[in-house]
**Student:** 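Attaching a single structure in structure tokens format; questions to follow.
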Amino acid sequence: GNSVTQMEGPVTLSEEAFLTINCTYTATGYPSLFWYVQYPGEGLQLLLKATKADDKGSNKGFEATYRKETTSFHLEKGSVQVSDSAVYFCALIYVSGGYNKLIFGAGTRLAVHP
Amino acid sequence: EPEVTQTPSHQVTQMGQEVILRCVPISNHLYFYWYRQILGQKVEFLVSFYNNEISEKSEIFDDQFSVERPDGSNFTLKIRSTKLEDSAMYFCASSESGRRNYGYTFGSGTRLTVV
């Protein structure tokens, strides 16, 4: 089947620290990969995406590279800010029966302290 | 930037009552979805909708749930007789295409509290 596994949180960092949130996936076929972010009290916002192997998605200083050989899509940021505190969801979209379907990982909470 | 609009943002209802959660997807999108997130837990797929019919539904989406696109703009989720365990954040999403490289745009959610 198709699934997404994320590292468990919470991840607690000091401002300007380097961030990595691990994400691996299992999929039949060739999925597209996404990171969504949920700030406190808000909805789900698309952070970045990659649709084929070796693609790098990037936005707001965050990056993730689609690694088919390791079935991974780890999220990284070189220097986090307090405003990055949120829950981050790794997700994939696969196509089944002519329709696409998005499934999420469990989410990783990031807390950044000054 | 086009957005998906959900109303209300928060609804409190008594157990056994019917609720209707409303969503206005992005106007040129053709695929519509409902997801839910029980507090502190995973975001779970409920149902997908295309061409005025359900294309897929999860085990959670039992006979108590229904979806409708009553006009050209709204997309609703109805829970016929709410239970305490229906308390969750419900997210509506839409997508322009059924192809895998098109992401979903999510609304801000409706927090449903069943008392």
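Computed from a prediction, not measured in an experiment: that's the story for all the values here. Just so we're on the same page: letters track the sequence lines, and every chain starts at 1.
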**Student:** Would the distance check show the side chain of A:His74 and the main-chain N or O of A:Cys23 forming a donor-acceptor pair, the cut-off being under 3.5 Å?
**Tutor:**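 Yes, the answer is positive, given that a donor and an acceptor are paired below the 3.5 Å cut-off.
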
**Student:** Below 4.5 Å, heavy-atom pairs only: which of A:Leu102, A:Val87, A:Ile103 has the largest tally toward chain B?
**Tutor:**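 Maximum pair count with chain B is reached by A:Leu102.
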
**Student:** Heavy-atom distances under 4.5 Å only: say whether B:Tyr104 touches chain A with side chain, backbone, both or neither.
**Tutor:**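 Both backbone and side chain of B:Tyr104 come within 4.5 Å of chain A.
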
**Student:** Chain A heavy atoms under 4.5 Å from B:Ser9: which part of the residue, side chain, backbone, both or neither?
**Tutor:**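 Neither part, no heavy atoms under 4.5 Å.
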
**Student:** Name the option with the most non-hydrogen atom pairs under 4.5 Å to chain B; the candidates are A:Ile93, A:Leu44, A:Thr51.
**Tutor:**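 Result: the option with the highest number of such pairs is A:Leu44.
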
**Student:** Heavy atoms under 4.5 Å from chain A: which residues of residues 31-47 of chain B carry them?
**Tutor:**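 Counting heavy atoms that sit under 4.5 Å from chain A, the residues of residues 31-47 of chain B involved are B:Tyr31, B:Tyr33, B:Tyr35, B:Gln37, B:Lys42, B:Val43, B:Phe45.
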
**Student:** Taking B:Thr82 as the fixed residue, which of B:Val19, B:Thr113, B:Val115 is the one that meets the side chain to side chain contact (heavy atoms under 4.5 Å, CB included) rule?
**Tutor:**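 By the side chain to side chain contact (heavy atoms under 4.5 Å, CB included) criterion, B:Thr82 pairs with just one of B:Val19, B:Thr113, B:Val115: B:Val19.
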
**Student:** Using heavy-atom distances under 4.5 Å, tell me whether B:Glu56 contacts chain A through its side chain, its backbone, both, or neither.
**Tutor:**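 Looking at B:Glu56, just its side chain touches chain A.
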
**Student:** Assess whether atom CD of A:Glu15 is packed by more than 12 heavy atoms of other residues, nucleotides or ligands within 6.0 Å.
**Tutor:**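 It does: A:Glu15 CD has more than 12 such atoms within range.
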
**Student:** Verify, without hydrogens or angle tests, whether B:Thr110 (side chain) and B:Pro8 (backbone) share a donor-acceptor contact under 3.5 angstrom.
**Tutor:**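 Such a contact is found between B:Thr110 side chain and B:Pro8 backbone.
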
**Student:** Report the distance from atom CG of A:Asp84 to atom CG of A:Leu47, rounding to the nearest 0.5 Å.
**Tutor:**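 CG of A:Leu47 is found 9.0 Å from CG of A:Asp84.
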
**Student:** Using modelled atom types and a 3.5 Å cut-off, is there a donor and acceptor pairing between side-chain atoms of B:Thr5 and backbone atoms of B:Val24?
**Tutor:**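 The answer is no, because no donor-acceptor pair under 3.5 Å joins these two groups.
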
**Student:** For the backbone of B:Asn74 and the side chain of B:Arg22, can you confirm whether one donor and one acceptor N or O come within less than 3.5 Å of each other?
**Tutor:**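 Checked: no pair found.
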
**Student:** Is it the backbone or the side chain of A:Gln45 that comes under 4.5 Å from a heavy atom of chain B, or both, or neither?
**Tutor:**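 When you check distances to chain B, no heavy atom of A:Gln45 falls under 4.5 Å.
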
**Student:** With chain B as the partner, which of A:Tyr94, A:Phe89, A:Tyr30 has the greatest number of non-hydrogen pairs under 4.5 Å?
**Tutor:**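 Greatest number of close heavy-atom pairs with chain B: A:Tyr30.
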
**Student:** Closer than 3.5 angstrom, by distance alone: can the side chain of B:Asn28 be matched with the main-chain N or O of B:Glu96 as a donor-acceptor pair?
**Tutor:**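 No, because the side chain of B:Asn28 does not come within donor-acceptor range (under 3.5 Å) of the backbone of B:Glu96.
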
**Student:** For the pair B:Ser58 (side chain) and B:Ile60 (backbone), establish whether a donor and an acceptor sit closer than 3.5 Å, ignoring hydrogens and angles.
**Tutor:**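 Such a contact is found between B:Ser58 side chain and B:Ile60 backbone.
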
**Student:** Which answer fits A:Phe104, side chain, backbone, both or neither, if we ask what part of it has an atom under 4.5 Å from a heavy atom of chain B?
**Tutor:**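 Contact with chain B is through both the backbone and side chain of A:Phe104.
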
**Student:** May I ask you to decide if A:Thr65's main-chain N or O and A:Asp54's side chain share a donor-acceptor pair within less than 3.5 Å?
**Tutor:**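 Judged by distance alone, no pair lies under 3.5 Å.
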
